[in-house]
Amino acid sequence: MTLSIGDKIPSFSADMTGDQRFDLQEHQGTQIVLYFYPKDSTPGCTTEGLDFSRLNAEFAAANTRVFGISRDSLRKHENFKTKQCFPFDLISDPDETLCRLFDVIRLKKLYGKEYEGIERSTFLIDAKGNLVQEWRKVKVAGHAEAVLTAAQECHQR
């Protein structure tokens, strides 16, 4: 199943930091940003998380909650979140259930070796649970600002 703009996001739940469980149904009436990133505590992923953190109050003002997702363990997520003081939670997806749902697993190359990894991607879900915008092959610089603008526009509709 591939999600397209306008599709209702299927209900899902997953473990996240703070010994909590994310349940999409519990967020009805709130916009959600899900940003998928390759790995905790790497330079690009740290910068991206800090960018979303810096804009957290503006996201909240637009009735939007931000969540980061990677395949890292909850322990790694807790350490990453604590070290960087992220004001939002990180969702652990070690079995790639969410990665596959949002189709973010791609064949990548590093030092001549091929492997499957997360393609940096972000998804904006409206207050009714519909996918309203997606960003794929994300470049970190300016990305959080672009997502915030889209969230603000969606909130005003």
Verdict with supporting geometry, H27 and F67, side chain to side chain contact (heavy atoms under 4.5 Å, CB included): CA-CA 12 Å; H27 294 281; F67 297 90; 3.9 Å; yes
Polar side-chain atom of T46 near backbone of T42 as donor-acceptor pair, under 3.5 Å: yes
Student check: side-chain heavy atoms of L74 and P94 closer than 4.5 Å: no
side-chain hydrogen bond (donor to acceptor under 3.5 Å, both in side chains) partners of residues 78-89, not counting sequence neighbours, each pair once: T17-D89, Q20-D89, K81-D89
Residue pair D15, R21: steps toward the side chain to side chain contact (heavy atoms under 4.5 Å, CB included) verdict: CA-CA 5 Å; D15 292 329; R21 188 125 177 104; 2.7 Å; yes
Pair F86 and F80, ring centroids less than 6.0 Å apart: yes
Step-by-step side chain to side chain contact (heavy atoms under 4.5 Å, CB included) determination, L148 to F59: CA-CA 6 Å; L148 175 60; F59 277 106; 3.7 Å; yes
Hydrophobic cluster identity match, I9 and I105, side-chain contacts under 4.5 Å: yes
Atom pair NE2/CD1 of H77 and I69 - distance to nearest 0.5 Å: 8.0 Å
Closest non-hydrogen atom pair, D126 against C154: CB-SG, 3.9 Å
Value rounded to 0.5 Å, distance of CZ in R120 from CZ in R106: 14.5 Å
Salt bridge D72-R75, side-chain N to carboxylate O under 4.0 Å: no
Backbone N/O of A62 and side chain of Q31: donor-acceptor pair under 3.5 Å: yes
Gap separating the NE2 atom of H155 from the CG atom of L124, nearest 0.5 angstrom: 12.0 Å
ILVMFWY cluster, W135 and Y37 together (side-chain gap under 4.5 Å): yes
Parallel, tilted or perpendicular: rings of F102 and F36 (30°, 60°): tilted
CG on L101 to CG on D103, rounded to 0.5 Å: 9.5 Å
Distance (rounded to the nearest 0.5 Å) between I125 CD1 and N130 CG: 9.5 Å
Gap separating the CZ atom of F12 from the CG atom of L34, nearest 0.5 angstrom: 5.0 Å
Student check: side-chain heavy atoms of D51 and H143 closer than 4.5 Å: no
Beyond-backbone contact of P38 with C45, side-chain heavy atoms, under 4.5 angstrom: yes
Check against side chain to side chain contact (heavy atoms under 4.5 Å, CB included), E119 and V138: CA-CA 8 Å; E119 176 182 75; V138 166; over 6 Å; no
Polar side-chain atom of T149 near backbone of E145 as donor-acceptor pair, under 3.5 Å: yes
Residue pair G44 / V140: nearest heavy atoms and the distance that separates them: O-CG2, 3.7 Å
